[in-house]
Amino acid sequence: NAGVTQTPKFQVLKTGQSMTLQCAQDMNHEYMSWYRQDPGMGLRLIHYSVGAGITDQGEVPNGYNVSRSTTEDFPLRLLSAAPSQTSVYFCASSSRQSGYTFGSGTRLTVV
Amino acid sequence: GENVEQHPSTLSVQEGDSAVIKCTYSDSASNYFPWYKQELGKRPQLIIDIRSNVGEKKDQRIAVTLNKTAKHFSLHITETQPEDSAVYFCAAREVGANNLFFGTGTRLTVIP
């Protein structure tokens, strides 16, 4: 039981490049979310999913896309990276009865 | 959406003293309030949580209280130890989509 697995752990992108952050969970949780964490701002919700095939926007969705084709996977795509997207990204999953379990995070730098 | 405010942003205490962190939330329908501890470079880890039908919950040196009428909840750490030093986040879960909304964090430093 690996919990929530995020890859990569570190990434440097040039402005305008695109990339996908991977997230997978093996707990059969229906809810999955992506957060970004910036100094002094806590964790802010980017996108979330309440089940396979269902996604919706969170507080700060601009510049990001998600999809949920299976219960296990919830990738986050940066369409055209900007320096403002430099941040630490966390994926999380939960069920109605459980608290959130976070992945280990991806530290992204956009230059 | 839900708005969670957290105070103080930094807190220093002497080892053995108590620490209290306070949060308020805006959506009276929120029904679940977890607290997370995050050490430098690590993921947030759940340390205690409380549901809206309970007023207080304790787990060894950690306790959380909830006042639904005032829409605020607090984390209490007694007999603090240096390993309690970390950033602590409160959160509130909205009804429906199960989303958590976080406070901006409290950096707790326990001075030996």
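Lettering of chains follows the sequences in order, A, B, ..., and the numbering in each one begins at 1.
With a threshold of 4.5 angstrom between heavy atoms, B/Arg107 does not approach chain A through any atom at all. At a 4.5 Å heavy-atom cutoff, A/Arg44 makes no contact with chain B through either its backbone or its side chain. For A/Phe102, the parts sitting under 4.5 Å from any heavy atom of chain B are the backbone and the side chain alike. Using a 4.5 Å cut-off between heavy atoms, A/Tyr31 touches chain B through its side chain atoms alone. The contact between A/Leu45 and chain B is made entirely by side chain atoms (from C-beta outward), counting heavy-atom distances below 4.5 Å. Within the 4.5 angstrom heavy-atom criterion, atoms from both the backbone and the side chain of B/Pro44 approach chain A. Only the side chain of A/Ser33 comes within contact range of chain B, with heavy atoms under 4.5 Å apart. Contacts between B/Asp49 and chain A at a heavy-atom distance below 4.5 Å are absent for every atom of the residue. Contacts of B/Gln38 with chain A are made by side-chain atoms alone, with heavy-atom separations under 4.5 Å and no backbone atom involved.
Here the side chain of A/Gln57 pairs no donor or acceptor atom with the backbone of A/Val60 at under 3.5 angstrom. Using modelled atom types, one side-chain atom of A/His29 and one backbone atom of A/Ser94 make a donor-acceptor pair closer than 3.5 Å. A/Gln25 places a side-chain N or O within donor-acceptor distance of the main-chain N or O of A/Met27, the cut-off being under 3.5 Å.
Most heavy-atom pairs under 4.5 Å with chain B, from the set A/Glu30, A/Gln37, A/Met41, A/Gln6: that is A/Gln37. For chain B, the option among A/Thr101, A/Leu43, A/Val88, A/Asp56 with the highest count of heavy-atom pairs below 4.5 Å is A/Leu43.
Put simply, the residue from B/Phe73, B/Phe102, B/Phe89 that forms a ring pair (Phe, Tyr, Trp, His ring centres under 6.0 Å) with B/Trp35 is B/Phe73.
For the pair A/Leu78/A/Leu21, a side-chain contact is recorded, criterion being any heavy-atom separation below 4.5 Å from C-beta on.
Distance check: B/Tyr88 OH to B/Gln6 CD gives 11.5 Å after rounding to the nearest 0.5 Å.
For B/Tyr36 and A/Tyr100, the gap between ring centers reaches or exceeds 6.0 Å.
Of the charged side-chain nitrogens involved, at least one lies within less than 4.0 Å of a carboxylate oxygen, so that A/Arg36 and A/Asp38 count as a salt-bridged pair.
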